[in-house]
A.B. asks: 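Please find one structure pasted underneath; my questions will follow.
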Amino acid sequence: MTNKVTLTQFIIEQQREFPGTSGSFTALLNDIATACKKISHYVNRGELIGVLGSAESENVQGEVQKKLDIITNDIMVSALNWTGRLAGMASEEIDEMIKIPGHYPKGKYLVAFDPLDGSSNIDVNLAVGTIFSILRSREGIDADLQDFLRKGEEQVCAGFVLYGPSTMMVLTTGHGVNAFTLDQDIGEFILTHRDMRIPEETAEFAINMTNQRFWEPPVQRYIAECLQGTEGPLGKNYNMRWIASLVAEVYRILTRGGIFMYPLDCRNPEKPAKLRLMYEANPMAFIIEQAGGVCTTGRERILDIKPTDIHQRVPLILGSKHEVERIVRYHQEN
Ligand SMILES: O=P(O)(O)OC[C@H]1O[C@](O)(COP(=O)(O)O)[C@@H](O)[C@@H]1O
Ligand SMILES: [Mg+2]
Ligand SMILES: [Mg+2]
């Protein structure tokens, strides 16, 4: 690769299109990239440094935390809270909104993040990731909950880092989707995938089939039709994947198309969905739409949802345009 473009160079180039930008956004992205490089180090070393396994504690979601859920959360918080670029943070692993300590300056951005996505995979050495969503806030003032509870439509940036065979950052600032591969030799994220586009057609779906009996009729119908293959109304044979890691599923869909579903289910009326709006669904929806895909609950565009809680859960259906639109139609017909 002749001319290696680093993440910093790429963002500065993009920012040049907006006269008057202060550079604090570029600096914030570099802070996040530095934190994720550190996380990549920990994830890569695993039991060599004794970080695998359970932490025997529960998070606000009622999930037993992995040691790395806590370690990656601390890495993100300590990389971001002192920089003067943030007015507040929110994390999957912390109950309340995270305030910037009093003695640090307050900035004009908010970051909501899932420090370790796909955490059930970490002990079995499968792909995991970090997901982040950036919103603007009132500069120099401690953010409050209302500053956070804004539609995904208002995000200024969304991204995720995939810790897979290679470590990659996927990013959008509302001008398309680009991916960067971490060059471990120089410790830089290098632009390797420019302007990623999701194919509109697909014959590959991802869903946790073991939840089938809890799904609503539109999803039951769609999956039944996929399984009928060429003999069925969809007239083509489908393939199935389930990695149990949202970041890995979304990266696959960005690369070769597909549809991912964690739909509404009737198992527990208190918890009708699994994935979280602020730091899973919203950032992925921004990325998917910027790459030409569609992202919905089945009934509502994810980016139009007005959040009511930092840890709110939503049904999530995303991917190739024509396939997701079919499922939205099935919900309307139902
Ligand atoms: O274990 P299940 O039900 O298959 O769910 C897998 C899903 O849960 C998640 O692991 C939830 O994310 P966390 O690991 O951050 O809690 C997603 O990445 C993944 O898509
Ligand atoms: Mg997650
Ligand atoms: Mg997580």
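As a basis for the values below, the full set of heavy atoms in this structure was taken, side chains included, without hydrogen atoms, waters or symmetry mates. Atoms within a ligand are numbered from 1 in the order they appear, just like the ligands themselves.
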A.B. asks: Specify side chain, backbone, both or neither for Ser245, according to which of its non-hydrogen atoms lie closer than 4.0 Å to ligand 1.
C.D. replies: backbone
A.B. asks: Regarding ligand 1, does Asn211 bring an N or O atom to under 3.5 Å of one of the ligand's N or O atoms?
C.D. replies: no
A.B. asks: Short check: any N/O/S atom of Gly118 below 2.8 Å from the Mg ion (ligand 3)?
C.D. replies: no
A.B. asks: Hey, could you give me the OH/CG distance between Tyr330 and Asn334, rounded to the nearest 0.5 Å?
C.D. replies: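 Separation between the atoms: 12.0 Å.
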A.B. asks: Decide side-chain contact (heavy atoms from CB on, under 4.5 Å) for Leu149 and Lys306; before the verdict, give the C-alpha distance in whole Å, the side-chain angles of both, and the deciding distance to 0.1 Å.
C.D. replies: CA-CA 7 Å; Leu149 300 182; Lys306 175 80 177 68; 4.1 Å; yes
A.B. asks: Closest N/O/S atom of Glu280 to the Mg ion (ligand 2), by atom name?
C.D. replies: OE2
A.B. asks: Where's the contact between Leu246 and ligand 1, heavy-atom distance under 4.0 Å: side chain, backbone, both or neither?
C.D. replies: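 Both of them.
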A.B. asks: Can you name the atoms of ligand 1, numbered from 1 with element, that are less than 4.0 Å from a heavy atom of Tyr262?
C.D. replies: 2 (P), 3 (O), 5 (O)
A.B. asks: Would you kindly specify which portion of Glu92 sits under 4.0 Å from ligand 1, judged on non-hydrogen atoms: side chain, backbone, both or neither?
C.D. replies: side chain
A.B. asks: According to the interplanar angle, ranging from 0 to 90°, do the rings of Trp242 and Phe260 count as parallel (below 30°), tilted (30 to 60°) or perpendicular (above 60°)?
C.D. replies: parallel
A.B. asks: If you stand at the Mg ion (ligand 3) and look out to OD1 of Asp114 and OE1 of Glu92, what angle do those two lines make, to 10°?
C.D. replies: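 Value, to the nearest 10 degrees: 80°.
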A.B. asks: I need the contact type for Leu116 against ligand 1. Using non-hydrogen atoms and a strict under-4.0 Å cut-off, is it side chain, backbone, both or neither?
C.D. replies: backbone
A.B. asks: Under 4.0 Å between a side-chain nitrogen and a carboxylate oxygen: does that hold for Glu216 and Arg299?
C.D. replies: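 Result for this pair is yes, salt bridge flagged.
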A.B. asks: Output yes when Asp144 and Arg138 qualify as a salt bridge under the 4.0 Å nitrogen-oxygen rule, no when they do not.
C.D. replies: yes
A.B. asks: Determine, for Glu204 against Arg256, whether the closest basic-nitrogen to carboxylate-oxygen distance falls under 4.0 angstrom.
C.D. replies: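 Salt bridge: yes.
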A.B. asks: Give the atom numbers and elements of ligand 1 that come within less than 4.0 Å of a heavy atom of Gly118.
C.D. replies: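 Every atom of ligand 1 under 4.0 Å from some heavy atom of Gly118: 10 (O), 12 (O), 13 (P), 14 (O), 15 (O), 18 (O).
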A.B. asks: Check contact between Ala244 and ligand 1, using heavy atoms of the residue and a distance below 4.0 angstrom.
C.D. replies: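 Per 4.0 Å heavy-atom rule, Ala244 contacts ligand 1.
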A.B. asks: Can you name the one residue among Asn59, Asn73, Thr72 that meets side-chain hydrogen bond (donor to acceptor under 3.5 Å, both in side chains) with Glu93?
C.D. replies: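 Filter result, single survivor: Asn59.
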A.B. asks: Assess Val128 for proximity to ligand 1: is some non-hydrogen atom of it under 4.0 Å away?
C.D. replies: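 The answer is no, since Val128 has no heavy atom less than 4.0 Å from ligand 1.
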A.B. asks: Could you work out, for atom 13 (P) of ligand 1, the closest of Arg276, Glu63, Lys274 by heavy-atom distance?
C.D. replies: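 Comparing heavy atoms across Arg276, Glu63, Lys274, the nearest one to atom 13 (P) of ligand 1 lies in Arg276.
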A.B. asks: Restricting to N, O or S atoms, which atom of Asp117 is closest to the Mg ion (ligand 2)?
C.D. replies: OD1
A.B. asks: Where the side chain of Lys108 meets the backbone of Arg136, is there a donor-acceptor pair that is under 3.5 Å apart?
C.D. replies: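 Not at all, since once roles are kept as given, no pair shorter than 3.5 Å links the two residues.
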